[in-house]
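Below is one structure, written out as C-alpha cells, with a few remarks after it.
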Amino acid sequence: MEIKRFLHHGAEQLIASINIQTTYCKEPKFAPSFEGEYYAVSWSEKQIRADCPACGGKGKITGLDGKEYMCPACKGDWRNKAVVGAIKQWYIKKYKLKNISISNSNDINSIKLEFEQANSESRYSTSITIRGRNIETMTFDEYCHSEKSRLQYELTDNYAEALAEIKRLNKEEKEKSVNGN
C-alpha cells in the first residue's frame with residue numbers, strides 16, 4: 001500500500017510505501033491519504049414532543065367571543081412541549097487520516113491507522129483506530145452505541161454510499177415512529 005500526499009498542480013509526494021505480508025491482512029478497502037476525507041454513519045437521539053393538547057401547538061386559543069387568548073395550558077410557550085418518545089437521527093461523521101504506525105507482535109507486523117473526526121464539536125477524543133486484519137473492511141470499534149448498522153462501524157471513502165445509507169436509515173426510523181413500533 002502506498003500513501004501519498006498531493007502537492008500543488010497535481011504533483012504527488014510519496015509519504016510511505018508499506019508492504020504488509022501477513023496471513024491475516026489483505027488489501028485495504030481503500031488506500032488512505034492524508035488529504036482524503038472518509039465517512040462513517042452514526043446516530044444521535046432526537047426527542048419527539050407532543051403538541052399542547054389545548055392549543056395544538058399554536059400558543060393561543062380562540063374564545064367564544066372570537067378573540068384569541070394566550071393558551072392556559074402551555075401559557076403561550078408552545079415550544080415547551082412534553083416529550084413523548086425518541087427517534088434515532090442518522091448523520092455522517094467525517095474523518096481525516098491522522099497517523100500511521102506499524103507494530104510488531106508475535107513476529108507479525110501489523111499496521112495501525114488512526115483517523116480524527118473532522119466534523120465534531122466534542123471536547124472528548126473523537127479519533128478511531130483501524131488495526132491489522134480490519135484494514136480490509138475498514139471496520140473499527142466504537143462503544144457509544146449498542147446497535148450496529150452496516151456502515152456505522154465502517155469507514156468508506158464513498159460519500160454517496162454513506163449518504164444513501166443515511167437516507168435509508170432515517171426513512172426507516174420515520175416509518176417506525178409513524179407506525180408506532
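Because only heavy atoms are used, hydrogens play no part in the values below, and waters and symmetry mates are left out as well, while side chains stay in.
A distance of 5.0 Å separates CD in Glu37 from NZ in Lys94, rounded to the nearest 0.5 Å. Atoms NZ and OG1, from Lys67 and Thr62 in turn, are 12.5 Å apart once rounded to the nearest 0.5 Å. In this structure, Lys46 NZ and Ile87 CD1 are separated by 7.0 Å, a value rounded to the nearest 0.5 Å. To the nearest 0.5 Å, the span separating NZ on Lys75 from SG on Cys52 amounts to 9.5 Å.
Heavy atoms only, all atoms of each residue included: Ser44 and Tyr91 are closest at N-CE2, 3.8 Å. Listed here is the closest heavy atom pair of Leu97 and Ser33: CB-O, 3.6 Å. Nearest approach of Lys98 to Phe34, heavy atoms of both residues: O-CE2, 3.8 Å. Of all the heavy atoms in Leu113 and Met138, the pair that sits closest is CD1-CE, 3.9 Å. In this structure, Ala73 and Ala54 approach most closely via the heavy-atom pair CB-CB, 3.7 Å. For the residue pair Trp90 and Glu173, the shortest heavy atom distance occurs at NE1-CG, 3.7 Å.
A salt bridge is absent between Glu116 and Lys96; no separation between the charged side-chain nitrogens and carboxylate oxygens falls under 4.0 Å. With salt bridges taken as basic N to acidic carboxylate O contacts below 4.0 Å, none links Lys176 and Glu172.
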Query raised in the report: Hey, mind stepping through Glu175 and Lys171 against side-chain contact (heavy atoms from CB on, under 4.5 Å) and telling me if it holds?
Result: CA-CA 6 Å; Glu175 288 171 0; Lys171 183 179 176 185; 3.4 Å; yes
Query - Evaluation steps, side-chain contact (heavy atoms from CB on, under 4.5 Å), between Ile128 and Leu155 - result: CA-CA 10 Å; Ile128 58 170; Leu155 277 185; 3.9 Å; yes
Requested in this report: Would you please test Lys112 and Ser101 for side-chain contact (heavy atoms from CB on, under 4.5 Å) and show each step?
Outcome: CA-CA 5 Å; Lys112 178 175 147 185; Ser101 60; 3.5 Å; yes
**Report entry** Verdict with supporting geometry, Ile130 and Thr139, side-chain contact (heavy atoms from CB on, under 4.5 Å)
**Finding:** CA-CA 7 Å; Ile130 298 174; Thr139 55; over 6 Å; no
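Considering only heavy atoms from C-beta on, Glu165 stays 4.5 Å or farther from Thr156 through its side chain. Side chains of Pro72 and Ile61 form a contact here, defined as non-hydrogen atoms less than 4.5 Å apart.
For Tyr159 and Glu161, the side-chain atoms include no donor-acceptor pair closer than 3.5 Å. Checked by atom type, the side-chain pair Asn119/Gln117 shows a donor-acceptor distance below 3.5 Å.
Transitive grouping of hydrophobic side chains (ILVMFWY, heavy atoms separated by less than 4.5 Å) brings Leu163 and Tyr39 into a common cluster.
Ring geometry for Phe115 against Tyr95 counts as perpendicular: the plane angle is over 60°, on a 0 to 90° scale with 30° as the lower cut.
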